[in-house]
Amino acid sequence: MAARVPSDDELDSGDEVENRTLVSKNDTKSPRLSSALEIGQFPDRIGGRRLFPRRCFCFFVFLIAVFLSVLLALLLFRGGFTAHADSQIDRMRESELGALYLLKSQQAALLKIWNSTRAVAADVASPVPSAVNSTSATTNLPKLESFVEFQSALLEQIKINKEIQNALLSSHEIGNRTSGTSDDNLNLGVSGVGVDVCKKVDPLASRRTIEWKPKKDRYLFAICLSGQMSNHLICLEKHMFFAALLDRVLILPSPNFDYQYDKVLDIDHINECFGRKVSITFDEFSAAQKNKMKIDRFICYIASPPCYLDEDHINRLKNLGLSLGKIEPAWPEDAKLTKQKKRVVGDIMPKFSSDDEVIAIGDMFYADVEDEWVAQPGGPLAHKCKTVIQPSRLIHITAQRFVQTFLGSNYIALHFRRHGFLKFCNLKDKSCFFPIPQAAECVIRVVEKANAPVIYLSTDAASSETNLLQSLVFLNGKPVPLVKRPEHNSTEKWDALLYRNNLGGDSQVEAMLDKTICALSSVFIGSSDSTFTEDIIRLRRGWSSASQCDEYLCEGEMPNYIAENE
C-alpha cells in the first residue's frame, strides 16, 4: 500500500505550527497580553499611537479579503483536481463511511444481545419467588428465547464484521478480483459444536406450478437418447412438463430402447405424487394397444437432426413393434442454429397441441424451455411430494444404511468428477479441471466451515489421484478421512437389500446409490458442468437437505495450471 499523502489542510496546519515556534532572537521581552475582559483600558488602546489610520486599516482588510478569496479558490481547484485525478481516495473515503455505518449498526445489535444476556443472568442469579413475578420479569426484560437464537444473533454480527472488513478493503484490488464479496458462504472463521454456519436452506414458500390432469386416451411417448442416466432423467423431467402442458399421459421408454428406469426410480411414486395415473410403462402401453402400437406424429422440438433421432434409433423404435408417423420439426429454421433458442409456454402450445392419440417430441435434454420454472425445487408441476423423480425405495434404504454404517449424521459429500473431464473442461472458457493440491485446498475450506469429521467421496478418479487427495486433506493437523463405497462383502449387511433383489453390482443402481448418499449429506461439494452433480442438487433441493455451504469444487476460481489443447 502506498504511503498516505497528507491533505492540503494538514500541510497548512503543520506550517502554521512550525512558524509559531520561530521567535526572533531580539525579542527577549514578552509582550503584555491583554484580556478581553479589561474593559476599563479599552478607550486608552483606541486612543493610542499604535492604532492604524483608517485608510491603512481598510486597505489591510481589503488585502486580507483578497488573499482569503484567492486561497479558497486554490483550495477548491486543487481539491477538485485531486478528486478527479485520484478516484481511489474517494473510494476509500466512501468505503470508510460505509464501514462506519455498519459499525454503528453492529454496536446497536450487540447492545441488544448484551441486554438479553443480562436479563438471563438476572433470572439465574435472583430466583423469582412466585410464578406471577416470573411471568412479569420475562415479559418486561428483553430476553432471547433460546440459546440457538443467541447463537444465530451472534453469528449475524460476525457476518457483519466480515462485511465491514470487505467494505474497508473494497477499494483495493487483489489479483483479478476484489476482496469484497457478498457471498453468504464466507469462511467466517467460526466452527464448532452448536455453531450452525452451514444451516439448511429454507424451502421456497411458494412455487410456480401447473396441474397435470391428462386425458386418458392421449399420450406423449418419451424418447431420451443423449448421454448417460443423469442426462436422461433431466430429459424425462422435461417430458413430464410437456405432458402436463398438453394434457397427456407420459409413456416411459422401453428398457430395450433406453435404461430400465424401474431399477433406479420409484415409478409408482410418480403417480402417487399426483393422485392419478399420469404415467405408464412401455409394457402397460403395449398391453393397452394390444400389440398395435404406433406413434401417430413426431413434432420435433430439436430440428437437427429431427427429434435428435438418427437412422439407428429409428430402426430400434420400429423393432419394438411401433409404427411411426411423419417426423417433422416444429421450427425448421432452428436447423441453422448452433445453439438452441430459448422458448416459453406461449411458443409451445400452438406448435405441439394435437388431436393425435400418440405423439412424440424427441430428446429434450438440450431443450431450453422455461428453465427457471422447470429447475425450481420440487419441479414445475403441482404435486403432494417433495420431489417426483427420486431413487427407488430399495436404493434409498441402502443409502441410509451405508450412512449409518460408515458416515453418521454429519458428513460432507464430494462428487469429484475426473474421467474425461480434463479434455472436456479445458475446451471451455473457464476450465473446471483442478490440480489435486488446489482441489484439496478448496475442500479444506469447506471442512473448516462445516466442521464435519468425514467426507464421502463419489468419484471416477484413479487411486493415484484419490490417494494424493487424501494425503493433502488435513485439518488442525489431523487427516479428514475420504470414504468411498467398498466392494461388496457378504459380512457387511448395509447393501444386503440390493443383492437380495438382484440389483447388486448393476452400474446404474450403484450410480443412483452414490447420488442418494450425496443427497443425504450435511454439505455437498459438486463438480461444475456435471449433470451427475446437477441431479444431486435437484434431489437436495427437493428433500430440503441443501445447505448454505453447498458449492461447486473451487467455485469462483480458475485452475492454477491449464494444459494446452491438442
Side-chain angles (χ1 to χ4, degrees), residues 224-236 252-270 281-283 316 320 387 389-408 411-421 454-467 469-470 481-521 524 526-527 530-536 538-540 543:
C224 297
L225 306 172
S226 55
Q228 298 184 23
M229 173 66 80
S230 297
N231 296 32
H232 286 226
L233 295 183
I234 294 171
C235 167
L236 199 62
L252 299 176
S254 166
N256 295 323
F257 181 81
D258 198 347
Y259 292 112
Q260 189 171 346
Y261 288 104
D262 59 359
K263 276 188 174 183
V264 296
L265 298 182
D266 193 338
I267 300 298
D268 294 334
H269 173 78
I270 296 174
T281 65
F282 181 83
D283 290 339
R316 288 173 61 187
L320 295 174
T387 185
I389 299 178
Q390 68 176 27
S392 69
R393 180 70 176 159
L394 290 176
I395 292 176
H396 201 160
I397 294 176
T398 301
Q400 291 175 343
R401 289 181 174 182
F402 179 86
V403 172
Q404 184 177 357
T405 303
F406 294 99
L407 303 172
Y411 67 97
I412 296 171
L414 169 62
H415 174 224
F416 193 48
R417 171 71 187 273
R418 302 297 275 183
H419 180 69
F421 238 40
V454 67
I455 299 172
Y456 177 66
L457 182 61
S458 171
T459 186
D460 55 7
S463 59
S464 57
E465 294 187 48
T466 57
N467 290 343
L469 182 65
Q470 174 65 89
L482 303 181
V483 178
K484 294 193 292 184
R485 277 189 304 103
E487 295 293 331
H488 173 65
N489 188 326
S490 59
T491 60
E492 295 177 352
K493 299 303 179 184
W494 64 268
D495 59 352
L497 274 178
L498 297 182
Y499 281 87
R500 280 206 303 266
N501 288 275
N502 300 316
L503 296 175
D506 185 282
S507 61
Q508 294 307 319
V509 171
E510 291 184 345
M512 184 58 74
L513 178 60
D514 256 15
K515 286 183 183 179
T516 310
I517 297 170
C518 289
L520 294 172
S521 65
F524 175 61
S527 294
S530 165
T531 53
F532 192 95
T533 281
E534 294 307 316
D535 203 35
I536 294 169
R538 177 188 65 82
L539 283 173
R540 289 177 65 79
W543 289 348

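No hydrogens, no waters, no symmetry mates; every other heavy atom, side chains included, goes into these values.
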Within a reach of under 6.0 Å around CD of Gln400, are more than 12 heavy atoms found that belong to other residues, nucleotides or ligands? yes

Could you tell me whether the side chains of Ser458 and Arg417 share a donor-acceptor contact shorter than 3.5 Å? no

Taking the side chain from Gln470 and the backbone from Leu482, do they hold a donor-acceptor pair closer than 3.5 Å? yes

Scan side-chain atoms only and decide if Asp283 and Thr281 contain a donor-acceptor pair under the 3.5 Å cut-off. no

Backbone N/O of Ser254 and side chain of Asp258: donor-acceptor pair under 3.5 Å: no

Tell me whether the count of non-hydrogen atoms from other residues, nucleotides or ligands lying under 6.0 Å of CD in Gln404 goes above 12. no

Verify whether one side chain among Arg538 and Thr387 offers a donor that lies under 3.5 Å from an acceptor in the other. yes

Taking atom SG of Cys235 and atom CG of Leu225, what is their separation to the nearest 0.5 Å? 7.5 Å

Look only at the side chain of Asp506 and the backbone of Gln508, and say whether a donor-acceptor pair between them is shorter than 3.5 Å. yes

Using a strict threshold of under 4.0 Å (side-chain N to carboxylate O), is an ion pair present between Arg393 and Asp266? no

Just by distance, with hydrogens left out, do His415 and Thr533 show a side-chain donor and acceptor under 3.5 Å apart? yes

Just by distance, no angles: are the side chains of Glu487 and Asn489 close enough, under 3.5 Å, to form a donor-acceptor pair? no

Determine whether the aromatic ring centres of residues His488 and Trp494 are separated by less than 6.0 angstrom. no

Leu233 CG to Gln390 CD distance, which is reported to the nearest 0.5 Å: 12.0 Å

Exam field: side chain Arg418 to backbone Asp460, donor-acceptor pair closer than 3.5 Å: no

Heavy-atom pair with the smallest gap, counting every atom of Arg540 and Phe524: NE-CB, 3.5 Å

Rounded to the nearest 0.5 angstrom, the CZ-CG distance for Phe402 and Asp495 is 9.5 Å

Which value, rounded to the nearest 0.5 Å, describes the distance between Leu394 atom CG and Leu513 atom CG? 11.0 Å

Using distance alone, with no hydrogens and no angle criterion, decide if Ser226 and Asn231 have a side-chain donor and acceptor under 3.5 Å apart. no

Taking the six-membered ring of Tyr456 as reference, does the cationic atom of Lys484 (NZ for Lys, CZ for Arg) lie under 6.0 Å from its centre and within 45° of its axis? no

Separation of Leu407 CG from Ile455 CD1 (nearest 0.5 Å): 11.0 Å

From CG (Asp535) to NE2 (His232), nearest 0.5 Å: 12.5 Å

